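Read the structure below first, then the notes.
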Amino acid sequence: MNHLDLPPLTYASGSVRLPGSKSISNRMLLLATLAEGTTEIRDLLDSDDTQVMLAALQGVGVGLTALGGNCWRVEGCGGVFPVKDADLFMGNAGTAIRPLTAALALSGGHYRLSGVPRMHERPIGDLVDGLLQIGADVRYTGNPGFPPLAIHPAEVNLTAPIRLRGDVSSQFLTALLMALPLTGAAAVIEMTTELISRPYIEITLNLMARFGVTVEREGWQRFTIAAGQRYRSPGVLHVEGDASAASYFLAAGAIGGGPVRVEGVGRDSIQGDVRFANALQAMGARIEWGEQHIEARAPATGRLKAFDLDLNHIPDAAMTLAVAALFADGRCVLRNIASWRVKETDRIAAMATELRKLGAVVEEGADFIAVTPAPTFKAGAAIDTYDDHRMAMCFSLAALGGVPVTINDPQCVNKTFPDYFDAFAEITAPVIAIDGPSASGKGTVAERVAAALGYHYLDSGSLYRLTALAALRAGVALDDETGVSALAAGLPASFEGGRILLAGDDVTDAIRSEEVSAGASKVAALPAVRAALLARQRAYRRFPGLVADGRDMGSVVFPAATAKVFLTASAAARAERRYKQLIGKGMPANMHALLQDLQERDARDAQRSVAPLRHCDDADLVDTTEMNIEAAVAAVMSIVERQRL
Ligand code: DC
């Protein structure tokens, strides 16, 4: 079986740019299709569920153009789909099959909709009942109440209100609301039950309004769409970051120290799941809201507090709370979550089974789950994910209990967040930061420490060297901050089996020349160059861990590094090492010139205004003047082990 081994994690900090919201992406795609005019959608989520929607729209003849960078152009067809007969595969995407069923039922064509086996177990009967009341022709071709479905043209009649259940899924109401304006007639929907997951209806109404259709709402009982409204493209739209996905990182910050910042959603978000942050706050986490970000940190003192909450308004993000409950100081109760039973899997049953593997005592009922954490986590749990992206993402948090955790079939995150584990690693993977001056031996030591731990290795100096070489080759002056930082931002560099390539050219030796060494020190003093290389360096933080060497690994790039070492040696000792190195390679060398050069570079690295080379208070000093490499590696390993990695 395919699996991912997460190492024991002790700390979470950093920031994550969220992928686009699934709920908003699929709604916008459909509304843009149903509208008159062309819509450009930016920051669309690129995942299985949006691919399903895009493929289905393509299947009914909608003009879709990928403009690059998750930007799409959608040619609206005013609800008249060019292809009148099609078989459409809907995977396991509830946000695609429900609204499309309603829109296709009102569009006068012959369509067959099916999905993966689990999709054929997920109810759609309430929506079909609603459509049948107005005369639509929708038939079950498998089990009554479930996909697959066959749709045929029919005259619809909207004189009577549509009576609709809202206690199984709010997507049935969303589907009808989005499709009914296609009829041009006045339409009324009356709920015959409580409506669950209400914030999702607010997303629907908000997006419909952006396309020019307003819905009158009387409480959560009755929804009226006035006659004669048509969707019109608003031109360009942006998809917000996914608030449900934000929950994993915010929880990581609350559990693992923080601060962890998510970028792409903020206080004005239209997604109900941002309220997850309030639930975390109720557990004692410290939350800060920005316009475009949310940040979470652990409580100032003590553990996260136990909770007893009605979570009907945030059913998806609530799963994250069930795993966060493992870190609470007592029994936690999640109430009013019956819809979990009809999602990607029976999430109440799945959650209970998997939480028990970590040692928790779990009670489950028709619509609640209660979690009593164990004093210590059971190590080595292998978590099954039930082809449910949220199970995989939630349970990654369990590794913050300081135990190894295996996630089975981790690729199920592709449904909404293909890069989830890379993003999670960027805030949680252990980092050993080794900083120090040129020729202190830190490169060799760092590489050996990485090999001993089985960690990844980042030689950050090579990125500055590559930038300098790229500038020299392109004829860009080394003090041209704009020009050099543009090169740094798009550096076509790769590291392959010990060789360093620049635009496919092997430059492993070229970047070690004295000219490039001096140039690297110059470009490294430019703030815009450092900024341009920051995200690239942080992306090296991966599981099971990273050893990074440079000048500012512990101070700027990975300030929350698990272990920080300042590795140095006297200038004379360093000049002598470099001298021996060059002579050993049969290259000319002059001891005096080397010493002078090193001292000049040290001075420049130490005196620059940004990220100067310095021994930070929180870094352990290792002076290798009198040490050979083996002794230096042993000294660093003992510091690392002291951090109990
Ligand atoms: O470690 P090195 O000698 O390969 O570094 C080359 C240059 O890049 C050096 O002058 C300092 C600079 N540098 C930096 O400013 N920050 C880093 N994290 C790494 C290197």
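Every number for a ligand or one of its atoms is a count from 1 in the order of the listing. It should be emphasised that the depicted structure is a prediction, and the values quoted were computed from it without experimental measurement. Numbering starts at 1 and runs along the sequence shown.
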Protein heavy-atom partner closest to [atom] - residue, atom, separation in Å:
atom: atom 8 (O) of ligand 1; answer: Y464 CB, 3.4 Å
atom: atom 19 (C) of ligand 1; answer: S460 OG, 3.3 Å
atom: atom 17 (C) of ligand 1; answer: R551 N, 3.3 Å
atom: atom 7 (C) of ligand 1; answer: A520 CB, 3.7 Å
atom: atom 20 (C) of ligand 1; answer: G461 CA, 3.5 Å
atom: atom 12 (C) of ligand 1; answer: A524 CB, 3.7 Å

Between [X] and [Y]: side-chain donor-acceptor atoms closer than 3.5 Å:
X: Q51; Y: D46; value: yes
X: S244; Y: D273; value: yes
X: T624; Y: R577; value: yes
X: S21; Y: E240; value: no
X: N408; Y: T385; value: no
X: N590; Y: Y579; value: no
X: R574; Y: S438; value: no

What about [X]: any of its N or O atoms under 3.5 Å from an N or O on ligand 1?
X: D459; answer: no
X: R530; answer: yes
X: R601; answer: no
X: Q537; answer: no

inquiry  = Under 6.0 Å between ring centres: does that hold for F276 and Y248?
reply    = no
ask   = Counting only heavy atoms, which portion of D605 has something under 4.0 Å from ligand 1: side chain, backbone, both, or neither?
value = side chain
task = Could you tell me whether K522 approaches ligand 1 through its side chain, its backbone, both or neither, with non-hydrogen atoms closer than 4.0 Å?
result = neither
Please could you name the atoms of ligand 1 that [X] approaches to less than 4.0 Å, counting only its heavy atoms?
X: K442; answer: 1 (O)
X: M553; answer: 18 (N)
X: R465; answer: 2 (P), 3 (O), 4 (O), 6 (C)
X: S521; answer: 10 (O)

query = In this structure, which one of L491, L533, V516 forms a side chain to side chain contact (heavy atoms under 4.5 Å, CB included) with L466?
reply = L491
Closest approach of K378 to V403 (non-hydrogen atoms, all atoms of both residues) = O-CG2, 4.0 Å
message = Within the structure, is a non-hydrogen atom of R604 found at a distance of less than 4.0 Å from ligand 1?
response = no
ask   = Are R542 and Y540 in a cation-pi setup, meaning NZ or CZ lies under 6.0 angstrom from the ring centre and within 45 degrees of the ring axis?
value = yes
